[in-house]
*Asks:* 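The structure follows.
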Number of protein chains: 2
Amino acid sequence: MAVVTEGASAGSPPALGTRVSFLLSQLGLQSARTFAAGLAPLGLNPNRFGLLIHVARAEGQSQQQLAETLGIHRNAMVSLIDDLEARGLVERRRHPRDRRAYAIHLTERARELLPEASRVADEQEASLLADLAEDERQTLRDLLSRLSAGSGQRADVHPGYREPASTE
Amino acid sequence: MAVVTEGASAGSPPALGTRVSFLLSQLGLQSARTFAAGLAPLGLNPNRFGLLIHVARAEGQSQQQLAETLGIHRNAMVSLIDDLEARGLVERRRHPRDRRAYAIHLTERARELLPEASRVADEQEASLLADLAEDERQTLRDLLSRLSAGSGQRADVHPGYREPASTE
DNA sequence: TATTGTTATACTCTATAACTATA
DNA sequence: TATAGTTATAGAGTATAACAATA
């Protein structure tokens with residue numbers, strides 16, 4: 001699916017391509033797809049990576065806790081953890097104080113994989129910003145951070161997107 | 001679905017939230033969802049709006065031509081045009097020189113709707129940039145435009161995203 | 001023989017409700 | 001009575017192949 005957006009009214013006015021919101025959406029989706037492509041050789045995707053990061057921050061959380069942090073339903077967390085477990089990246093251990101719940105822990109393999117995934121992100125960041133001077137990069141980072149903070153986004157929590165289906 | 005992304009390796013290093021690529025993806029998805037919510041009262045969504053814009057640019061194009069411009073398969077264009085036709089926004093007319101093809105035209109209703117949709121986009125743009133000074137807005141627009149141009153994006157063509165399902 | 005539009009199919013992702021076992 | 005995790009279901013979106021009409 002692709003969408004064109006530009007030239008406002010039938011008359012022809014302001015091109016959407018000059019709007020910050022359009023550029024953010026366009027570049028954001030491309031960044032996500034590029035990241036997905038870069039993670040693929042590691043057997044990861046942005047969703048798996050993001051969840052692993054959150055497991056790593058505090059091991060032993062329940063699925064319910066992880067779901068609340070990510071802003072999704074606990075039902076959806078089941079298959080996400082199923083997926084990571086099947087790939088040998090997390091373990092479901094008995095929760096020490098609640099026999100209904102699991103305590104989710106990283107495996108050794110996940111601990112090896114996370115730095116590699118971060119390196120992929122760093123390389124793509126450098127490639128994305130290759131045409132900008134250092135002061136321009138810092139300015140861009142600053143402006144985007146302010147937009148993010150001002151728009152009520154939880155820092156470091158991505159609102160979520162599907163895995164891009166096709167190649168790229 | 002939601003995804004968290006931050007703190008790189010298990011050690012804790014560079015937060016993904018400080019990366020431009022993460023901020024673009026986060027803000028871009030939020031912009032798209034906000035735009036979808038704003039268009040909903042008009043019976044539009046970003047996909048429909050984008051396609052209408054492209055029909056408006058050159059009326060009488062075939063479905064195949066529109067599909068090529070948007071970078072999607074002609075099969076997918078069928079249901080998009082079905083959808084717009086059912087809403088009374090486009091008409092399938094006989095193509096003057098090829099009896100296999102349709103010539104896609106806007107209806108009067110679509111001509112009324114397009115300026116309203118552009119107004120929604122303008123209002124949201126203003127809201128998004130409310131915290132920035134005028135020179136900062138221009139700087140941001142310029143930097144994002146350069147990233148977009150440098151990354152091989154076709155100007156004014158969005159790489160596509162699904163209609164956000166939930167409320168947002 | 002190629003092209004335009006169409007349909008059918010399978011696959012994925014999502015959202016909801018309902019179930020079990022514990023608390 | 002509420003909560004953690006699970007399963008089943010239905011819906012939306014996408015991708016592919018195959019078809020009829022026309023070039």
Side-chain angles (χ1 to χ4, degrees), chain A residues 1-3 29 32-33 36 40 45-48 50-51 55 60-86 90-105 158-168, chain B residues 1-3 29 32-33 36 40 44-48 50-51 55 60-87 90-105 158-168:
Chain A
M1 173 58 61
V3 165
L29 185 57
R33 288 180 172 173
N45 63 28
N47 277 8
R48 289 177 195 138
L51 179 50
V55 172
Q61 294 180 87
S62 69
Q63 294 183 188
Q64 174 76 8
Q65 286 176 310
L66 290 166
E68 280 167 11
T69 303
L70 270 60
I72 65 176
H73 197 277
R74 70 184 192 283
N75 295 8
M77 186 58 62
V78 176
S79 58
L80 293 178
I81 298 293
D82 281 351
D83 176 61
L84 292 181
E85 190 180 41
V90 301
E91 288 175 8
R92 283 176 161 116
R93 300 189 193 159
R94 300 284 1 146
H95 194 287
R97 291 178 308 283
D98 187 340
R99 296 201 316 185
R100 293 172 304 182
Y102 290 119
I104 307 299
H105 287 262
H158 194 288
Y161 42 80
R162 291 188 190 75
E163 167 80 342
S166 49
T167 37
E168 85 280 345
Chain B
M1 174 58 61
V3 165
L29 185 57
R33 287 180 173 174
L44 292 179
N45 63 27
N47 277 8
R48 288 176 195 139
L51 179 51
V55 172
Q61 293 181 85
S62 69
Q63 295 182 190
Q64 174 77 353
Q65 286 176 309
L66 289 166
E68 279 168 12
T69 303
L70 269 61
I72 65 178
H73 196 276
R74 71 185 192 282
N75 295 8
M77 185 58 64
V78 175
S79 59
L80 293 178
I81 297 293
D82 281 351
D83 176 62
L84 292 181
E85 189 179 41
R87 292 168 185 279
V90 302
E91 288 175 7
R92 284 175 160 116
R93 300 189 193 160
R94 299 287 359 150
H95 196 286
R97 289 178 309 282
D98 186 341
R99 296 200 316 183
R100 294 172 303 181
Y102 288 119
I104 308 300
H105 287 262
H158 194 287
Y161 41 81
R162 291 187 190 75
E163 167 79 343
S166 50
T167 35
E168 94 277 342

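In what follows, chains are A, B, ... by sequence order, proteins preceding strands, each numbered from 1. These figures come from a predicted structure and were not determined experimentally.
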*Asks:* D:dT14 P sits how many Å from B:D83 CG, rounded?
*Replies:*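 These atoms are roughly 12 Å apart.
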*Asks:* What residues from residues 94-102 of chain A pass a heavy-atom cutoff of under 4.0 Å to DNA chain D?
*Replies:*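 Hits under 4.0 Å, by residue number: A:R100, A:A101, A:Y102.
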*Asks:* Using the criterion of both pairing distances under 3.5 Å for Watson-Crick and G-U wobble pairs, give all stems of 3 or more consecutive pairs involving DNA chain D.
*Replies:*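 Ordered by first number, the stems with DNA chain D (at least 3 consecutive pairs each) read C:1-23 with D:1-23.
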*Asks:* Atom CG of A:N45 and atom CG of A:D83: how far apart are they, to the nearest 0.5 Å?
*Replies:*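 Between A:N45 CG and A:D83 CG, I get 7.5 Å after rounding to 0.5 Å.
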*Asks:* To the nearest 0.5 Å, how far apart are CG in B:L84 and CG in B:L44?
*Replies:*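 Result: 8.5 Å between the selected atoms.
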*Asks:* Starting at atom CZ of A:R74, determine the distance to atom P of C:dA15, rounded to an integer number of angstrom.
*Replies:*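 Going from CZ in A:R74 over to P in C:dA15 covers 15 Å.
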*Asks:* With a 3.5 Å distance limit and no angle check, can you tell me whether B:R33 reaches the backbone of A:P159 through a side-chain donor-acceptor pair?
*Replies:*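 Yes: the side chain of B:R33 pairs with the backbone of A:P159.
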*Asks:* Write down the distance between CD1 (A:I81) and C1' (D:dA4), rounded to a whole number of angstrom.
*Replies:*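 It works out to 13 Å between those atoms.
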*Asks:* Give a yes or no on whether A:R97 atom CZ has more than 12 heavy-atom contacts from other residues, nucleotides or ligands under 6.0 Å away.
*Replies:*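 At most 12 heavy atoms, drawn from other residues, nucleotides or ligands, come within 6.0 Å of this atom.
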*Asks:* C:dT16 C1' sits how many Å from A:I72 CD1, rounded?
*Replies:*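 Computing the A:I72:CD1 to C:dT16:C1' distance gives 15 Å.
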*Asks:* For side chain to side chain contact (heavy atoms under 4.5 Å, CB included), just list the numbers for A:V90 and A:H105, CA-CA rounded to whole Å, side-chain angles, deciding distance to a tenth of an Å, and then say yes or no.
*Replies:* CA-CA 5 Å; A:V90 301; A:H105 287 262; over 6 Å; no
*Asks:* Measuring from the side chain of B:N75 (C-beta onward, heavy atoms only), which nucleotide among D:dT16, C:dT16, C:dG5 has the closest atom?
*Replies:*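 Closest of the options to the side chain of B:N75: D:dT16.
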*Asks:* Can you tell me how far P of D:dG5 sits from CG of A:L80, to the nearest Å?
*Replies:*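 Nearest whole value for this atom pair: 13 Å.
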*Asks:* Taking only side-chain N and O atoms of A:Q63, does any of them lie within less than 4.0 angstrom of OP1 or OP2 on D:dA4?
*Replies:*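 A:Q63 to D:dA4 OP1/OP2: no side-chain N or O under 4.0 Å.
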*Asks:* Return the value, rounded to whole Å, for the distance between atom NE2 of B:H73 and atom C1' of D:dA18.
*Replies:*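 Distance check: B:H73 NE2 to D:dA18 C1' gives 11 Å.
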*Asks:* What's the CD-P distance between B:Q61 and C:dT4, to the nearest Å?
*Replies:*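 B:Q61 atom CD is separated from C:dT4 atom P by 13 Å.
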*Asks:* Just how far, in rounded Å, is C1' of C:dC13 from CE of A:M77?
*Replies:*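 A:M77 atom CE is separated from C:dC13 atom C1' by 15 Å.
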*Asks:* Could you go through the side chain to side chain contact (heavy atoms under 4.5 Å, CB included) check for B:L29 and A:H158 one step at a time?
*Replies:* CA-CA 9 Å; B:L29 185 57; A:H158 194 288; 3.9 Å; yes
*Asks:* Any Lys/Arg nitrogen of A:R92 or A:D82 sitting under 4.0 Å from an Asp/Glu carboxylate oxygen of the other?
*Replies:*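 Here A:R92 pairs with A:D82 in a salt bridge, since their nearest N and O are under 4.0 Å apart.
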*Asks:* Could you give the distance from CD (A:Q61) to CG (A:L66), rounded to the nearest 0.5 Å?
*Replies:*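 That separation rounds to 4.5 Å.
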*Asks:* Is it the case that the side chain of B:E68 and the backbone of B:Q65 share a donor-acceptor pair, with hydrogens and angles ignored and the cut-off at 3.5 Å?
*Replies:*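 Not at all, since once roles are kept as given, no pair shorter than 3.5 Å links the two residues.
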